[in-house]
*Asks:* 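Please read through the structure below; I'll follow up with questions.
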Amino acid sequence: MEQKIRPRHPEKVNNPINPIKKKPNWIRSKILNSKEFFLTKKIINQNNLTTVCQEANCPNITECWSKRHATFLIMGDICTRACAFCDVITGKPKQLDIFEPHKIAKAVKKLNLKHAVITSVDRDDIKDGGSIIWAETVNAIRDLNPNTTIETLIPDFKGETENIDRIIEVAPEVVSHNLETVRRLTKEVRIQAKYDRSLEVLKYLKESGLSRTKSGVMLGLGEKREEVLETLDDLRKVGVDIVTLGQYLQPSEKHLPVNDFITPDEFKEYEIIAKEMGFRHVESGPLVRSSYKAHKHIH
């Protein structure tokens, strides 16, 4: 009897087919299959850890892993949300691993990371949204790696401040929450998220005294130039210090199509404008992702 293969994204099976466009010549990933890359891969696999580098099919994985940079994905690899751009699996998540914070801390030590980036799937299925595990992970990393700085790329926790407060209490050096796209496209791109709610989360983080807040935006989904500038302005108004701008790349034919490929010159123009707006750090380029060169953002 032939075994049926379960699709990676069952929630997108009935989506229309969007042929993947040929990438322009300026979008080329760096292939650096170095000794450091394989060592990083080995440590991650031996500790049964999940990284967003793998789950989101990041184009910079070999470059970052060769430098021993990795973004850990906590609370499993199954998300409760079904964002139309994302390559992380949607479905019913597994039970939380109470030992995960210690596993992450051990991996950070083995990799000898000076800066660790942690993100997670959305866990709308549990009351605290996973914020308790979040806080325990930060504390575990600090206990075992007192000289390591930490960036947390958090979900919106549905805007519930008691859950956001747990992140604030452990005070990572950088707290990031991605806006992902412009206001007009949010409902189509992020589906269960809200543009203004994300801005409120970022505002709440900053007003709670955190020294560095950060957000990321994808381009190429059909946004207009004035909408990008409006989004950057909205982020500055809520005190965001660091912003990343990168090209959206379509993971499969069932995901949202790329509307257009933003040129390196356009990315450079946005970088200049963002810096003039007062952002402390700006990463802007076709292959930039949320945690790309994150170690630079703590200064």
Side-chain angles (χ1 to χ4, degrees), residues 52-53 56 58-60 63-64 67 69-73 113-120 134 138 141 148-157 164 167-168 170-183 186 190 193 195-220 223 227-248 262 264 266-299:
V52 76
C53 322
C58 181
N60 303 313
E63 177 186 355
C64 293
K67 297 175 182 176
H69 297 169
T71 300
F72 297 102
L73 184 69
L113 298 184
K114 291 182 179 178
H115 185 65
V117 182
I118 314 297
T119 189
S120 77
W134 261 109
V138 173
I141 292 171
T148 298
T149 53
I150 301 169
E151 174 180 327
T152 54
L153 172 53
I154 64 171
D156 61 19
F157 293 113
I164 301 169
I167 307 297
I168 293 166
V170 295
E173 280 72 17
V174 180
V175 181
S176 180
H177 172 63
N178 285 342
L179 207 51
E180 303 293 11
T181 190
V182 299
R183 181 186 296 276
T186 294
R190 298 174 71 198
Y195 184 89
D196 286 312
R197 184 167 70 188
S198 285
L199 287 176
E200 283 299 318
V201 168
L202 288 161
K203 182 181 179 182
Y204 184 77
L205 290 168
K206 193 64 182 177
E207 290 181 347
S208 297
L210 294 174
S211 60
R212 295 175 185 84
T213 55
K214 176 179 172 181
S215 192
V217 181
M218 300 176 294
L219 304 183
E223 69 288 331
E227 290 178 309
V228 178
L229 300 185
E230 179 185 29
T231 301
L232 290 171
D233 187 52
D234 286 341
L235 290 171
R236 277 304 296 143
K237 282 178 180 175
V238 296
V240 170
D241 304 286
I242 304 155
V243 68
T244 62
L245 299 165
Q247 171 71 52
Y248 167 64
I262 312 304
E266 289 174 290
F267 274 111
K268 187 63 180 177
E269 181 188 3
Y270 285 133
E271 178 184 348
I272 292 168
I273 291 170
K275 285 181 177 177
E276 289 173 348
M277 285 181 171
F279 287 98
R280 187 186 298 188
H281 287 288
V282 181
E283 299 291 344
S284 180
L287 292 178
V288 167
R289 295 296 179 265
S290 301
S291 55
Y292 187 59
K293 297 184 179 179
H295 60 289
K296 294 177 12 182
H297 303 156
I298 60 170
H299 302 296

*Asks:* Roughly how far, to the nearest 0.5 Å, is the OG atom of Ser284 from the OH atom of Tyr270?
*Replies:*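 One gets 9.0 Å once the value is rounded to the nearest 0.5 Å.
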
*Asks:* Do Trp134 and Thr152 have side-chain atoms, one donor and one acceptor, less than 3.5 Å apart?
*Replies:*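 Looking only at side-chain atoms, Thr152 and Trp134 do not form any donor-acceptor pair under 3.5 Å.
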
*Asks:* Among all residues two or more places apart in sequence or in another chain, which pass the salt bridge (charged side-chain N to carboxylate O under 4.0 Å, His left out) test with Glu269?
*Replies:*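 Per chain and number, Glu269 pairs via salt bridge (charged side-chain N to carboxylate O under 4.0 Å, His left out) with Arg225.
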
*Asks:* Using the test side-chain hydrogen bond (donor to acceptor under 3.5 Å, both in side chains), find all partners of Arg212 that sit at least two apart in sequence or belong to another chain.
*Replies:*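 By the side-chain hydrogen bond (donor to acceptor under 3.5 Å, both in side chains) rule, Arg212 matches no residue at all.
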
*Asks:* For Lys114, is there any backbone N or O sitting under 3.5 Å from a side-chain donor or acceptor partner on Thr149?
*Replies:*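 Confirmed, Thr149 side chain pairs with Lys114 backbone.
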
*Asks:* Name all residues meeting the salt bridge (charged side-chain N to carboxylate O under 4.0 Å, His left out) criterion together with Glu173; count only those two or more places apart in sequence or in a different chain, and write none if there are none.
*Replies:*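 Arg142.
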
*Asks:* Taking the side chain as every heavy atom from C-beta outward, state whether Leu245 and Val288 have any atom pair closer than 4.5 Å.
*Replies:*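 Sidechains of Val288 and Leu245: no contact.
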
*Asks:* Within the distance-only criterion (no hydrogens, no angle test), does the side chain of Thr213 pair as donor or acceptor with the backbone N or O of Val175 below 3.5 angstrom?
*Replies:*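 It does not hold such a pair.
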
*Asks:* More than 12 heavy atoms of other residues, nucleotides or ligands under 6.0 Å from NZ of Lys203: is that the case?
*Replies:*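 Atom NZ in Lys203 is not crowded, with 12 or fewer foreign heavy atoms closer than 6.0 Å.
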
*Asks:* Can you name the nearest heavy-atom pair linking Ala274 to Val282, along with the distance?
*Replies:*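 It is CB-CG2, 3.7 Å.
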
*Asks:* Pick one: which of Leu202, Leu199, Leu229 meets side chain to side chain contact (heavy atoms under 4.5 Å, CB included) with Asp234?
*Replies:*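 Single side chain to side chain contact (heavy atoms under 4.5 Å, CB included) partner of Asp234 among Leu202, Leu199, Leu229: Leu199.
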
*Asks:* Taking side chain as C-beta onward, heavy atoms only, is Phe72 less than 4.5 Å from Val117?
*Replies:*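 No, too far: nothing below the 4.5 Å cut-off.
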
*Asks:* Can you tell me how far apart CD1 (Ile168) and OG (Ser208) are? Round to the nearest 0.5 Å.
*Replies:*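 So the gap between those two atoms works out to 3.5 Å.
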
*Asks:* Would Lys206 and Asp241 count as a side-chain contact (heavy atoms from CB on, under 4.5 Å) if you check the C-alpha gap in whole Å, the side-chain angles of each, and the deciding distance to 0.1 Å?
*Replies:* CA-CA 9 Å; Lys206 193 64 182 177; Asp241 304 286; 2.8 Å; yes

*Asks:* Only one of Glu283, His281, Glu151 clears side chain to side chain donor-acceptor pair (under 3.5 Å) with Lys214; which?
*Replies:*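 With Lys214 as partner, side chain to side chain donor-acceptor pair (under 3.5 Å) holds for just one option, Glu151.
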
*Asks:* Under the side-chain hydrogen bond (donor to acceptor under 3.5 Å, both in side chains) rule, collect the residues that match up with Thr148, sequence neighbours excluded.
*Replies:*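 Thr148: no side-chain hydrogen bond (donor to acceptor under 3.5 Å, both in side chains) contacts found.
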
*Asks:* Would you mind reporting whether Ile141 and Ile118 have side-chain heavy atoms less than 4.5 Å apart?
*Replies:*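 Result yes, sub-4.5 Å side-chain heavy-atom pair found.
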
*Asks:* Taking side chain as C-beta onward, heavy atoms only, is Thr244 less than 4.5 Å from Val217?
*Replies:*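 Thr244 does not reach Val217 side chain to side chain.
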
*Asks:* Calculate, to the nearest 0.5 Å, the distance between atoms CG and OG belonging to Asn178 and Ser290 respectively.
*Replies:*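 Going from the CG atom of Asn178 to the OG atom of Ser290 covers 3.5 Å.
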
*Asks:* With the side chain counted from C-beta on, respond yes when Tyr195 and Arg190 share a heavy-atom pair under 4.5 Å apart, and no when they do not.
*Replies:*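 Result no, sub-4.5 Å side-chain heavy-atom pair not found.
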
*Asks:* Which residues pass the salt bridge (charged side-chain N to carboxylate O under 4.0 Å, His left out) test with Lys237, not counting sequence neighbours?
*Replies:*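 Scan of Lys237 (salt bridge (charged side-chain N to carboxylate O under 4.0 Å, His left out), adjacent residues dropped) gives Asp233.
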
*Asks:* Show, in sequence, the C-alpha distance, side-chain angles and deciding distance for Leu219 and Phe267, and conclude whether the side-chain contact (heavy atoms from CB on, under 4.5 Å) test is met.
*Replies:* CA-CA 9 Å; Leu219 304 183; Phe267 274 111; 3.7 Å; yes

*Asks:* Taking all non-hydrogen atoms of both residues into account, name the closest pair between Ala193 and Thr186 and its distance.
*Replies:*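 Reported closest heavy-atom pair: O-CG2, 4.0 Å.
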
*Asks:* Rounded to the nearest 0.5 Å, how far does CD of Glu200 lie from CG of Leu205?
*Replies:*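 Result: 11.0 Å between the selected atoms.
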
*Asks:* With rounding to the nearest 0.5 angstrom, report the CD to CD distance, Glu271 to Glu266.
*Replies:*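 The distance works out to 14.0 Å.
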
*Asks:* Which atom names give the shortest non-hydrogen contact between Ile242 and Val240, and what distance separates them?
*Replies:*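 Nearest pair, atom of Ile242 first, then Val240: O-CG1, 3.2 Å.
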
*Asks:* For a 4.5 angstrom cut-off between non-hydrogen side-chain atoms, does Pro155 reach Ser120?
*Replies:*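 Side-chain contact under 4.5 Å: yes.
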
*Asks:* Report yes if some heavy atom in the side chain of Phe279 is under 4.5 Å from a heavy atom in the side chain of Leu232; otherwise report no.
*Replies:*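 Yes, their side chains come closer than 4.5 Å.
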
*Asks:* Any non-hydrogen side-chain atom of Ile262 less than 4.5 Å from a side-chain atom of Pro286?
*Replies:*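 Counting from C-beta outward, Ile262 and Pro286 never come under 4.5 Å.
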
*Asks:* Where is the tightest heavy-atom contact between Met218 and Tyr248, given as atom of each residue plus distance?
*Replies:*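 The pair with the smallest heavy-atom distance is SD-CD1, 4.0 Å.
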
*Asks:* With Arg197, which residues qualify under salt bridge (charged side-chain N to carboxylate O under 4.0 Å, His left out), at least two apart?
*Replies:*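 Expected list: Asp156.
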
*Asks:* Check step by step if side-chain contact (heavy atoms from CB on, under 4.5 Å) holds for His177 and Ser215.
*Replies:* CA-CA 5 Å; His177 172 63; Ser215 192; 5.7 Å; no

